[in-house]
Structure formats: structure tokens, C-alpha cells
Amino acid sequence: MIESVELYEGLKKEKTELLAKLEQLRVIGQPSAERKEGSPFGKREEGADEALELEKRLALGIRLEESLNEVEHALQKYEAGTYGLCDSCGKAIEQARLEAIPQASLCLNCKASQAKDAKGAR
Ligand SMILES: [Zn+2]
């Protein structure tokens with residue numbers, strides 16, 4: 001059985017890594033001053049490539065932020081003493097599930113029914 005403090009340390013590390021990745025993404029995402037000065041009709045093809053790259057970075061950024069939110073939520077739960085308990089039914093989340101996904105906030109049952117609900121709503 002894994003100690004929850006180990007998961008907590010892992011989550012803190014994960015958070016640091018996610019923040020670093022997001023920061024990196026922001027730095028790359030800054031439009032360079034050089035390009036602003038150039039003619040808007042000059043490098044059209046390069047601009048298209050850039051738009052695609054920007055889109056990729058945005059998608060990656062959204063994923064990273066979602067992960068960060070989950071990790072932060074789990075850290076808050078740990079501090080509140082409710083780490084490892086399901087957000088929905090309040091029962092203990094399966095140990096194996098926490099080992100696989102330390103930021104999990106729902107037990108398998110609730111996660112499964114949530115997925116079902118999401119499908120039904122469509
Ligand atoms: Zn549950």
C-alpha cells in the first residue's frame with residue numbers, strides 16, 4: 001500500500017512541472033517585436049505556419065491547465081484532509097486508481113456514471 005504522503009509529494013512535483021511547461025509555452029507564444037514591425041503582407045506563408053503552431057500551443061496549453069487544475073484540486077483536498085475521497089459520493093477512491101492517477105477526484109463508480117451522463121446528454 002502506497003503512503004498518501006508519497007502521492008502528495010508526487011502531486012507537488014507534478015504541479016511544479018506543469019507550471020514550468022506552461023511558463024515555457026507562454027514565453028514561446030510571445031510575438032516577437034521583429035515580426036510586428038514587418039509588413040503585414042510580407043511573410044504570408046510563414047504566418048500560416050505560425051497560426052498552426054499557435055493553435056497547437058493553445059491546445060497544449062489548455063490541456064496543461066486542465067491537468068494543473070486537477071492537481072491543484074487534489075492538493076487542496078489533501079490539505080483539507082479529504083484526499084482520496086470521492087468528490088461525488090464521499091467514499092474512498094480505490095487505492096489502485098490513486099496510484100495510477102494521484103489527482104483523481106472521483107471513484108471509479110462515479111467516474112463511470114459521469115461518463116455515461118455525458119454521453120446521454122449529447
Ligand atoms: Zn464516488
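In what follows, every heavy atom counts, from backbone to side chain, and hydrogens, waters and symmetry copies are set aside. Start at 1 and go down the list; that is how both ligands and their atoms are numbered.
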Just checking Lys77: does its NZ atom have more than 12 heavy atoms from other residues, nucleotides or ligands closer to it than 6.0 angstrom? yes
Evaluate Leu75 against Val71 for side chain to side chain contact (heavy atoms under 4.5 Å, CB included), listing each step before the verdict. CA-CA 6 Å; Leu75 287 171; Val71 169; 4.2 Å; yes
Contact summary for Cys86 and Ile93, nearest pair of heavy atoms: N-CG1, 3.7 Å
So, with waters excluded, how many protein N/O/S atoms does the Zn ion (ligand 1) have closer than 2.8 Å? 4
Salt bridge (charged side-chain N to carboxylate O under 4.0 Å, His left out) for Arg63 and Glu66? Distances and angles first, verdict last. CA-CA 5 Å; Arg63 274 206 302 276; Glu66 277 171 0; over 6 Å; no
Any chain of hydrophobic side-chain contacts (each under 4.5 Å) joining Ile101 to Leu18? no
Glu94: which residues meet the side-chain hydrogen bond (donor to acceptor under 3.5 Å, both in side chains) condition with it, sequence neighbours left out? none
